[in-house]
Amino acid sequence: MRSKIAIVLAVLGLLVLGTGIGQRTIWLPPATLTASVPAVSSPAPLTVIGPELLNTRDGKFTMTIKNDGPIQLAVAREGDITGWIGDAAYTEVGAATEDFAALSSESKTGAASVPNPSGSDMWVSEEKGSGELSYTWQAPGHGDWALLLSSDGKAPAPTDISITVENQQGTPWAVPLMVIGSALLALAALLFLIAPRKTQDAAAVAGRRSAVRPADPATGAVEVAKILAAREGSEPAPEAPAHQTIADIRRAAAAAKNNPADDGGAAAAGKAPVNDATSALPLSLRGEPLKDESTLGEEAVVPAKDDSGSKKDAGKNSDKDSDKDSGSGPDSGSGQGGSPKAGKPTRWSAAARKKAGEAKDEKNEFRASGEQSRVKAVKATTRWGAALAAVLLAGGVSPAMAADPTTPAPGNSAEAQPSAAAETATGFPNLLDSQVQRIADSVASVVATGDNAKNAKELESRVGGTALEVRTANYKIRSAVDTQAAVEPVNATVLLAKIVTTTQTWPRTAMFVTKGENNQLPQMLTLVQASARENYKLIKATPLLPGQTLPKVDKEGTAAVAKDDAKGLLMSPDAAVSALSDRLTKEDSSFKASFKDSIYITSVFDLQKKVAADAKDASYVFSHKANTEQMVSLRTADGGAMVVVGYTFGIDATSKENANLTVGADAAVFTGGTETTKGFTLNYAEPVVMYVPPAGGEDQITILSATRDLVGGSFK
């Protein structure tokens with residue numbers, strides 16, 4: 001029966017193991033899946049791959065792009081790409097279908113050509129290729145990202161796009177089936193190897209039973225009679241009747257011992273009769289009186305051999321023998337006999353009780369032997385369980401299999417991503433650190449090129465507003481006046497701080513604080529991106545005044561403040577600009593107490609006093625007019641605002657009684673001469689950065705940065 005079960009288990013194990021191996025080999029699904037964009041009927045200059053596709057499989061895919069010509073790929077936030085596209089035609093590529101056979105696509109109508117997208121400040125990164133480009137997606141940060149594909153802005157953008165991902169259709173039952181199959185085969189092998197022990201156990205039990213009790217009571221009685229006769233030196237007793245038992249022989253031996261006639265005169269000699277035939281028996285069976293019950297041994301109990309397989313049978317036979325032996329105790333009269341010494345009471349009753357106790361102990365011993373057998377049976381069951389567990393464990397270890405790639409790694413990647421609601425509420429800086437450094441380097445490089453060539457046209461790609469006006473005038477002056485100093489250079493060697501807005505519309509603003517070897521003081525560079533397709537341009541560059549520190553701004557981006565917004569501020573940006581204009585013009589201005597003492601304000605009044613003192617033949621009017629169109633207001637971390645504004649510092653001189661008025665060589669470049677009898681006007685660019693504190697805090701505005709440069713003049 002055991003062999004049949006082993007055969008069934010072996011066949012079943014082979015089937016289960018083969019099925020598991022087959023799932024890893026024959027029926028193993030493909031390792032990857034590929035989805036492609038169907039043919040596009042309406043070519044467009046741009047192709048947009050949106051976040052729906054980029055979020056596929058958490059971005060774990062490889063993209064292949066093919067095109068007959070050049071391939072340009074740009075990475076940016078979805079809103080930035082949408083803003084750059086504007087009204088142009090483009091092809092939008094979306095998520096893959098459920099069976100991952102194709103990628104969805106939609107054509108949008110619009111302008112057939114656009115400027116070349118390459119080199120835009122809004123792109124976090126760019127990649128270029130020709131013919132074929134393999135790209136592995138990795139999100140630069142939190143938020144919704146997109147890819148913009150193009151050729152050159154005029155030729156059709158690539159649309160032969162495919163993505164390859166790992167196949168998530170795994171084989172979860174492969175390993176369990178192989179483990180179960182291996183366990184069944186191992187169990188079948190164990191059943192084949194274990195030999196049956198039924199015959200050996202039966203023989204051992206029979207041998208132990210014969211050791212405890214003679215198989216034939218009559219034969220046993222005859223043997224005892226022969227032993228007794230040999231001990232007494234007499235002839236063997238005649239064959240005992242078939243019905244005679246060992247107990248009967250013992251009674252007969254006891255009776256012969258108590259008869260003096262059979263002792264050969266021993267009693268007459270005054271010695272105790274000696275019966276060698278009974279000396280080998282226990283005292284209780286020899287009929288001798290016991291001097292001390294404690295000396296009674298357990299010789300009557302024949303201990304069974306230490307074999308758990310035979311103790312049960314031995315216990316049963318011993319119980320039966322004990323019952324028979326108890327029949328030859330005191331109650332039956334076989335143990336009655338007087339002591340050899342007269343006058344001493346006999347103790348046979350105590351011996352009988354001891355004998356009965358020994359029989360009881362013998363029963364208990366064999367009962368304990370049965371308990372030991374049951375314990376060993378339990379241990380055997382435990383060993384079988386341990387063997388089966390070892391087989392299962394071996395099946396789990398062999399064959400060794402790689403971890404299922406479809407099993408999710410500990411930790412949910414989705415938990416690390418902020419929710420869409422949180423992203424919308426907080427917003428994101430328009431520029432990452434890599435973009436900030438790249439823009440700063442580009443601006444510094446362009447400015448250096450223009451300064452070296454003294455050519456303002458070299459600045460147009462990166463400089464505008466007040467900064468372009470100042471450098472254009474400086475180049476003109478330096479072309480005529482050799483002694484004219486150059487404008488403070490722009491450096492990006494050390495980027496001390498950055499302030500980036502989270503505004504999603506245009507124009508957008510950013511401020512960098514830099515310092516180079518040629519800068520006496522750190523510079524505050526204010527940059528503006530006028531539209532989505534334009535790059536950031538430097539509009540103001542002013543030195544940070546001695547003793548001033550930049551207010552703290554949120555590292556994750558700051559918000560713009562409307563010009564007329566006074567909420568939470570000491571005053572609105574517009575009101576602060578007007579107050580400073582009045583303060584710089586009049587020494588007794590009503591806004592004098594609104595501004596902290598500043599080295600720049602002091603320098604303005606010193607200059608105005610000197611000009612008026614040097615030309616007594618003219619009357620002077622000084623003005624500080626703000627250009628609010630280029631004003632920038634950014635929120636600080638404490639709820640205040642930094643306001644950047646450009647003033648035009650004007651000096652209007654009128655001659656008294658046609659007196660000669662003289663201007664410097666630098667001004668003469670604009671006026672066309674150095675002397676006039678009518679009068680003149682000179683204009684200076686005066687960019688200023690001020691800090692307006694929050695309401696309920698400080699009650700004075702701080703001038704952080706300011707400078708002054710001649711930009712024009714004329715004679716009346």
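Keep in mind that the numbers below use all heavy atoms, side chains included, and drop hydrogens, waters and symmetry copies.
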Q. Are more than 12 heavy atoms from other residues, nucleotides or ligands located less than 6.0 Å from atom NZ of K592?
A. no
Q: Determine, stepwise, if the pair V669 / V481 fulfils side-chain contact (heavy atoms from CB on, under 4.5 Å).
A: CA-CA 9 Å; V669 174; V481 181; 4.3 Å; yes
**Q.** Residue from D441, V447, V446 passing side-chain contact (heavy atoms from CB on, under 4.5 Å) with V443
**A.** V447
Q: Establish, from distance only, whether the side-chain atoms of T636 and D638 form a donor-acceptor pair under 3.5 Å.
A: yes
**Q.** Salt bridge present between R77 and D144 (N-O < 4.0 angstrom)
**A.** no
(Q) Using side-chain contact (heavy atoms from CB on, under 4.5 Å), reason through W506 and Q529 one step at a time and then give a plain yes or no. (A) CA-CA 7 Å; W506 283 269; Q529 185 183 30; 3.0 Å; yes
Q.
Looking at every non-hydrogen atom in both residues, tell me the closest pair between K128 and L133 and how far apart they are.
A. O-CD1, 4.2 Å
Q. Is the shortest distance from a Lys or Arg side-chain nitrogen in R438 or D121 to a carboxylate oxygen in the other one below 4.0 Å?
A. no
Q) So with a 6.0 Å cut-off around CG of D614, is the heavy-atom count from everything else above 12? A) yes
**Q.** Criterion side-chain contact (heavy atoms from CB on, under 4.5 Å) against F715, the qualifying member of T671, T677, T681
**A.** T671
Q) If you count the non-hydrogen atoms of other residues, nucleotides and ligands that lie under 6.0 Å from CD in Q630, is the total more than 12? A) yes
(Q) I'd like to know if E488 and R471 make a salt bridge, using a cut-off of under 4.0 Å between side-chain N and carboxylate O. (A) no
Q.
Using side-chain contact (heavy atoms from CB on, under 4.5 Å), reason through M690 and T702 one step at a time and then give a plain yes or no.
A. CA-CA 6 Å; M690 69 181 84; T702 302; over 6 Å; no
Q. For the residue pair F649 and H624, is the inter-centroid distance of their aromatic rings smaller than 6.0 Å?
A. yes
(Q) Does atom CD (Q138) have a neighbourhood of more than 12 heavy atoms from anything else shown, all under 6.0 Å? (A) no
**Q.** Under 3.5 Å donor-acceptor, T676 side chain and K678 backbone
**A.** yes
Q: Please lay out, stage by stage, how L704 and L545 fare under the test side-chain contact (heavy atoms from CB on, under 4.5 Å).
A: CA-CA 6 Å; L704 299 174; L545 295 178; over 6 Å; no
Q. Does a donor on one side chain and an acceptor on the other come within less than 3.5 Å for T501 and N430?
A. yes
